[in-house]
Amino acid sequence: MRPLSHGCTNRTAGDGAVVEKTYDGPDSALRLDRERLPLTRLRGRLPVPPVLGADTRTLTLGFVPGTPGQDLLDAGHAAAVLRACGEVLSRIHATPTDRCAWFESFCRRWDPDGPGVRLWRERARITAGWRGRPTAP
């Protein structure tokens with residue numbers, strides 16, 4: 001395994017087939033689960049890597065080939081990267097809310113019935129009836 005770039009807050013290493021993300025520090029198990037849960041629930045609906053395993057500190061994922069978005073931004077491809085981000089965001093918004101209950105639990109952890117929970121409930125209400133894909137302006 002070799003360290004991967006753009007690991008940000010976790011130690012991230014891969015071998016071209018598998019990626020291991022190791023979580024340290026306060027709330028490491030909670031942060032690991034916060035990433036594992038949506039990856040598991042959204043697999044097949046959104047372009048997410050397969051979860052191959054997890055323990056209390058390490059999340060093991062299938063490797064997704066490609067170029068990190070930050071590298072593409074740095075190379076001057078911001079329009080294409082942001083367009084792709086918008087397309088994925090559109091697919092997230094089209095995902096049935098029963099697949100996204102973890103959003104509410106994420107918000108609730110910090111402030112029960114606080115503004116984050118109210119925001120997600122309102123977004124779920126607004127998008128509940130959306131069908132199809134939006135068209136570009």
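Just so it is clear, the values below take in all heavy atoms, side chains as well, and ignore hydrogens, waters and symmetry mates.
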My understanding is that only residues two or more places apart in sequence, or in another chain, count here; which of them pass side-chain hydrogen bond (donor to acceptor under 3.5 Å, both in side chains) with [X]?
X: Asp55; result: none
X: Glu20; result: none
X: Arg57; result: Asp24

Through direct or indirect side-chain contacts below 4.5 angstrom among Ile, Leu, Val, Met, Phe, Trp and Tyr, which residues connect to [X]?
X: Leu82; result: none
X: Leu72; result: Leu73, Val81
X: Val64; result: none

Testing the basics here: between [X] and [Y], what is the closest heavy-atom pair and its distance to 0.1 Å?
X: Phe63; Y: Val18; answer: CB-N, 3.9 Å
X: Pro47; Y: Arg91; answer: CD-NH1, 3.8 Å
X: Tyr23; Y: Ser28; answer: O-CB, 3.5 Å
X: Ala54; Y: Leu32; answer: CB-CD2, 4.2 Å

Answer whether the closest heavy-atom distance between the side chains of Arg43 and Pro50 falls below 4.5 Å.
yes
Quick one: [atom1] on [X] to [atom2] on [Y], what's the gap to the nearest 0.5 Å?
X: Met1; Y: Thr12; atom1: CE; atom2: OG1; answer: 11.0 Å
X: Asp33; Y: Thr56; atom1: CG; atom2: OG1; answer: 11.5 Å
X: Arg31; Y: Lys21; atom1: CZ; atom2: NZ; answer: 10.5 Å

Report yes or no: does Ser90 contribute a side-chain atom to a donor-acceptor pair with the main-chain N or O of Gly86 at less than 3.5 Å?
no
Once salt bridge (Lys or Arg N to Asp or Glu O under 4.0 Å) is applied, what residue pairs with a partner in residues 69-78 remain, sequence neighbours excluded?
none
Taking side-chain contact (heavy atoms from CB on, under 4.5 Å) as the test, write out the residues that go with Leu39, two or more places apart.
Glu35, Val48, Pro49, Val51, Leu59, Leu61
